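Taking it in order: structure first as structure tokens, then the write-up.
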Amino acid sequence: MANVEEVKAHVSASVDGAGRAANGIQQVTDQLDDALALLRMTAVGSFHPSVASAIAQLEQARTRLDEAAQLTRAAMHDADTFRTVI
């Protein structure tokens, strides 16, 4: 069984990993924002159903990434709280 310091070290490593994941999510979010802006600009004046569908799907992906980032930050906070309690 792990001692308290080992548990704290594992929790810290987990928080660090989640932080790296949150940074990755932000990078992907930025890339999606760029893709959405370009697609919207390109599609101005030519409303085709497939373009509208592509925009809607990218927006949904963006929303889900926002949710993933929020959940990741909340998990990091809770893990840090646990680490300070033990």
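These figures come from a predicted structure and were not determined experimentally. Sequential numbering from 1 along the given sequence is applied to the chain's residues.
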#### Entry: T63 side chain vs E59 backbone, donor-acceptor pair below 3.5 Å
yes
Legend entry - ILVMFWY cluster, L38 and L65 together (side-chain gap under 4.5 Å): no
query = Does A68 offer a backbone N or O that forms a donor-acceptor pair with the side chain of T72 under 3.5 Å?
reply = yes
- If we only count heavy atoms from C-beta on, is the F82 to V15 side-chain gap below 4.5 Å? no
So CG of L39 and CG of L58: to nearest 0.5 Å the spacing works out to 6.5 Å
Query raised in the report: Checking T81 side chain against H77 main chain: does a donor-acceptor pair fall under 3.5 Å?
Result: yes
* **side-chain contact (heavy atoms from CB on, under 4.5 Å) between D80 and R83, worked out** => CA-CA 5 Å; D80 274 333; R83 184 174 52 184; 2.4 Å; yes
task = Verify side-chain contact (heavy atoms from CB on, under 4.5 Å) between L36 and R40, making sure each step is shown before the conclusion.
result = CA-CA 6 Å; L36 269 166; R40 285 182 179 128; 3.9 Å; yes
- Message: Apply side-chain hydrogen bond (donor to acceptor under 3.5 Å, both in side chains) to residues N23 and Q27 and explain how you reach the verdict.
- Response: CA-CA 6 Å; N23 289 338; Q27 290 173 351; over 6 Å; no
Assess the residue pair S50 and H48 against the criterion (side-chain hydrogen bond (donor to acceptor under 3.5 Å, both in side chains)); give the C-alpha distance rounded to whole Å, side-chain angles, the decisive distance to 0.1 Å, and a yes or no. CA-CA 6 Å; S50 60; H48 191 275; 2.8 Å; yes
Exercise for the section: May I ask you to decide if A54's main-chain N or O and Q57's side chain share a donor-acceptor pair within less than 3.5 Å? Expected result: no
When rounded to the nearest 0.5 Å, the distance separating CD of Q70 from CD1 of I25 is 10.5 Å
Shortest non-hydrogen pair, A79 vs V11, comes out as O-CG1, 3.4 Å
Worksheet item: Checking salt bridge (Lys or Arg N to Asp or Glu O under 4.0 Å) for the pair D66/R62: CA distance, chi angles, key distance, verdict?
Response: CA-CA 6 Å; D66 286 343; R62 174 73 166 75; 2.4 Å; yes
Taken to the nearest 0.5 Å, the spacing of L71 CG from R64 CZ works out to 13.0 Å
Heavy atoms of H10 and E6 approach each other most closely as CD2-O, 2.6 Å
